4 protein chains.
Amino acid sequence: MVMDKQPPSESRPGRKRSEESRRAILVAAFELVGEVGYAGLTIEGIANRAGCGKQTIYRWWPSRAHVLLEALAVKADLYVTNADHGSYGDDLRAFLEDTFRLGRQQRVVDILRALMAEAQINEEFGQLFRSAFLQRRRDALQAVLDRALARGDLPPRPAASTVLDIVFGTLWYRLLATRRPVGNDLVEELTATLAQAA
Amino acid sequence: MVMDKQPPSESRPGRKRSEESRRAILVAAFELVGEVGYAGLTIEGIANRAGCGKQTIYRWWPSRAHVLLEALAVKADLYVTNADHGSYGDDLRAFLEDTFRLGRQQRVVDILRALMAEAQINEEFGQLFRSAFLQRRRDALQAVLDRALARGDLPPRPAASTVLDIVFGTLWYRLLATRRPVGNDLVEELTATLAQAA
Amino acid sequence: MVMDKQPPSESRPGRKRSEESRRAILVAAFELVGEVGYAGLTIEGIANRAGCGKQTIYRWWPSRAHVLLEALAVKADLYVTNADHGSYGDDLRAFLEDTFRLGRQQRVVDILRALMAEAQINEEFGQLFRSAFLQRRRDALQAVLDRALARGDLPPRPAASTVLDIVFGTLWYRLLATRRPVGNDLVEELTATLAQAA
Amino acid sequence: MVMDKQPPSESRPGRKRSEESRRAILVAAFELVGEVGYAGLTIEGIANRAGCGKQTIYRWWPSRAHVLLEALAVKADLYVTNADHGSYGDDLRAFLEDTFRLGRQQRVVDILRALMAEAQINEEFGQLFRSAFLQRRRDALQAVLDRALARGDLPPRPAASTVLDIVFGTLWYRLLATRRPVGNDLVEELTATLAQAA
DNA sequence: GTGTAATCGAGACGGTACGTCGCGTCTTGTT
DNA sequence: AACAAGACGCGACGTACCGTCTCGATTACAC
């Protein structure tokens, strides 16, 4: 997940970016957000915990949210499998199970809520979050729908893009609004609602 | 919508709360958030614009989000009708049309996104936002579902609470994540998906 | 010695300037410069020592040198007497003794050197230092010369303004360049050189 | 004027010091101090202007003031002649004219003021400035006095060391405190005051 | 009317973090 | 070894707001 400035691949003069500092910063951000919450997370705090200067953070990330997004990518297994289970219903169920599994890790959920919040407030981060995180999730589910379409077992309604909105919308709404855990009962209901014979 | 401290109803000595200041503060908050965005909205800025002291704001609201929520309640018509249209499908369609209408007012959408963001970051406000705003929306839709249940035309799946999550989840996801406008096509797809004979 | 912003004399709304903070800041600056030297004197350090916020310093003084100048005015007796001793020679000798007495207090000398240095580097402070400090010294000696002129015992050379330059020049050069103490031998030599019959 | 680290004269392995960089650094320092003032003069700025790395400056000079002192030595003709004019009065007058000539070059004066200021704040530089600059001036005038003593036309008062303090004190005071130009009238007044028959 | 009490606008206060600047040091690859 | 380049840990800068605390003025009820 490319989300920070990339050094040009050709060799440049000068000292190289410190991989040690980068890791220390990501670890510090991940730990701190668990300890003091996103509201209490500061660049200064991350720098202190990581044992680096503030400038080293500002050099590579534009905001604490950018740091946290990369920390999440490093810490959490955010990827879903894309195996063919033979039918749209089974593919969809598998996708939802994979996805919802993340939604049960409190630390990950707290970070996701914070990042989605920041994406509403900070437009620069919002664009990155949508393109580098949210869109990738949509792409993964889109692959399932494409396969169903090719296979011929995709119900005519709702339209594919609406399926994406319903699936991710329901998941995010649970995280952001009701705060109820996302369980397998929800997997079943969504699968039944979306994959049933129309 | 009770969201700020209430002066005791029994008469007390001392100067009364200034309704003029209250209005000026709500108007200032509403205007400012449109001009500088939620990230740039500050208590000091509101006080300056409203021509009042900061203390007057802190006396009656705990945070800028609380002010904004009340400003929204004053400015926008947030309520939906609850007329009986004869069938679950028609009731649901009417509810969605009413609700989505709000989602096409950019100023209102921007404020809603900011408030949902703040609700993730500020737990005190989060509780208020969920109970005083989000839950009321759910209650309104629940009334539609209750009527359908009584009428006997509510499909067995998905469960009522899942319908709520799907409807509001899809709406919020459009606002927060895809930023695509919520149009009547979505109304039809949701109605068809949720109210069809299973 | 007026050297910081003056609140208008007419009563204004709002909380009054804290005299307690003002004193704490001046004391802290005076103590700190003795402990860490002018190079190590920082606004942040003064604020910490004084138990106040940095803004409270910035609100009333434009730079650490301005603080230090006022601290010096509070701490040190910078004024010289102006009694008539009957002759130019005796008046001059008395003035020099009064003035040089300050030059033997190490803490005061260190601060004066720092302020003269800052006056070279910071033009805004330079103007204040010249008008509020250096010129007042010159005025005091000028009074001695005016009396001698009226009395008729002022040698025709050097011109009065040159006498000022020689007296203060020699003193400051000792402080800044040679760092040799200014003793009574110098008083006698200057008196003899400047007040002798030409 | 020896004021920076000297590479050992014996031949050593490795690349030789770049004379080109040395000149570029001195020129850059001299130009920059004229453009942005001493307060705005930074090692980074010098390095950028000179097209060299910061390390190359730190390798050879301990501070920006050291660089500036050497730049001044390169740029300005700081030396005074020491011809015998036959009498103490004429020797002194010639010395003062030579010396004051420098005091009319604004760029040089600005640098001298900055260096004297730095000498008050930075003890390491202060020692160098006194021994490598100020003392040399005193030595030159001392030679004039020595010759007058040998010749027999040195007035008994003031003492030689006091003459030095008065001459340089008056000059520096004009530069640092009054900022009035040092003109030939001052030369005459000092000559008359110090070289007259007592 | 005359306290007494709560509100108001104004603005200073002690704090915290911001994002920037420059310090002096340390790689890194080249000369 | 010195060089240009540039990242690094560090510390202070001056600013922005936070939420609190005087101030004096205003406004209402209770006596």
Side-chain angles (χ1 to χ4, degrees), chain A residues 7 11-18 20-22 24 40-45 47-48 50-60 62-64, chain B residues 7 10-18 20-21 24 40-48 50-60 62-64, chain C residues 7 11-18 20-22 24 40-45 47-48 50-60 62-64, chain D residues 7 11-18 20-22 40-45 47-48 50-60 62-64:
Chain A
S11 122
R12 286 185 312 149
R15 187 172 172 174
K16 294 281 180 293
R17 176 174 182 181
S18 163
E20 188 184 338
S21 286
R22 180 179 161 271
L41 185 69
T42 66
I43 297 282
E44 225 151 58
N48 283 347
C52 73
K54 287 198 290 178
Q55 193 64 283
T56 300
I57 299 178
Y58 283 113
R59 206 181 336 257
W60 303 109
S63 80
R64 59 180 181 159
Chain B
E10 7 94 33
S11 88
R12 284 181 310 157
R15 189 172 172 174
K16 290 282 177 293
R17 174 174 184 181
S18 162
E20 186 185 340
S21 285
L41 185 70
T42 65
I43 297 284
E44 291 202 341
I46 297 171
N48 284 346
C52 73
K54 290 198 293 176
Q55 191 67 275
T56 302
I57 299 178
Y58 284 113
R59 200 170 355 244
W60 303 109
S63 81
R64 57 180 182 158
Chain C
S11 122
R12 287 184 313 147
R15 186 173 172 174
K16 295 282 180 294
R17 175 173 183 180
S18 163
E20 188 184 339
S21 286
R22 180 180 161 272
L41 185 70
T42 65
I43 297 284
E44 224 152 58
N48 284 346
C52 73
K54 289 199 288 178
Q55 194 64 273
T56 300
I57 299 178
Y58 284 112
R59 202 174 348 249
W60 302 109
S63 80
R64 58 181 182 159
Chain D
S11 92
R12 284 180 310 157
R15 188 171 171 176
K16 291 282 175 298
R17 175 173 184 181
S18 162
E20 187 185 339
S21 284
R22 179 179 162 271
L41 185 69
T42 65
I43 296 284
E44 291 203 342
N48 283 347
C52 73
K54 290 198 291 176
Q55 192 67 275
T56 301
I57 300 178
Y58 284 113
R59 198 168 0 244
W60 303 110
S63 81
R64 58 179 182 162

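Everything numeric in this text was worked out from a predicted model, so none of it was measured. Throughout, protein chains are lettered first and strands after them, A, B, ... in sequence-line order, and every chain is numbered starting at 1.
For B:Ser18, whose side chain is taken as the heavy atoms from C-beta onward, the closest listed nucleotide among E:dC8, F:dC18, F:dA2 is E:dC8. The side chain of B:Ile43 sits closest to F:dG19 out of F:dG19, F:dC3, E:dC23. For D:Thr42, taking side-chain heavy atoms from C-beta onward, the closest of the listed nucleotides E:dC13, F:dG14, E:dG22 is E:dG22. The side chain of B:Glu44 sits closest to F:dC17 out of E:dC13, F:dC17, E:dA17.
OP1 or OP2 of E:dC8 has at least one side-chain nitrogen or oxygen of B:Arg59 nearer than 4.0 Å. For the OP1/OP2 pair of E:dT7 and a distance below 4.0 Å, the side-chain nitrogens and oxygens of B:Thr56 include no atom meeting the criterion. Phosphate contact (OP1/OP2 of E:dG11, side-chain N/O of C:Trp60, threshold under 4.0 Å): absent.
Of all the heavy atoms in B:Cys52 and B:Ile57, the pair that sits closest is SG-CG1, 4.1 Å.
In this model, a side-chain donor or acceptor of A:Lys54 finds a partner on the base of E:dG19 within 3.5 Å.
Taking the side-chain hydrogen bond (donor to acceptor under 3.5 Å, both in side chains) definition, one finds that C:Ser21 meets it with C:Ser18, sequence neighbours left out.
Map C:Gln55 and C:Leu41 each onto its nearest nucleotide of DNA chain F; the residue landing nearer the 5' end is C:Leu41.
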Any N/O pairs under 3.5 Å between the protein and nucleotides 25-28 of chain F? List them or say none.
unit_1	atom_1	unit_2	atom_2	d
F:dT26	O2	B:Arg15	NH1	3.2

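The residue C:Gly51 sits close only to the backbone: its heavy atoms come under 4.0 Å of sugar-phosphate atoms, none of a base.
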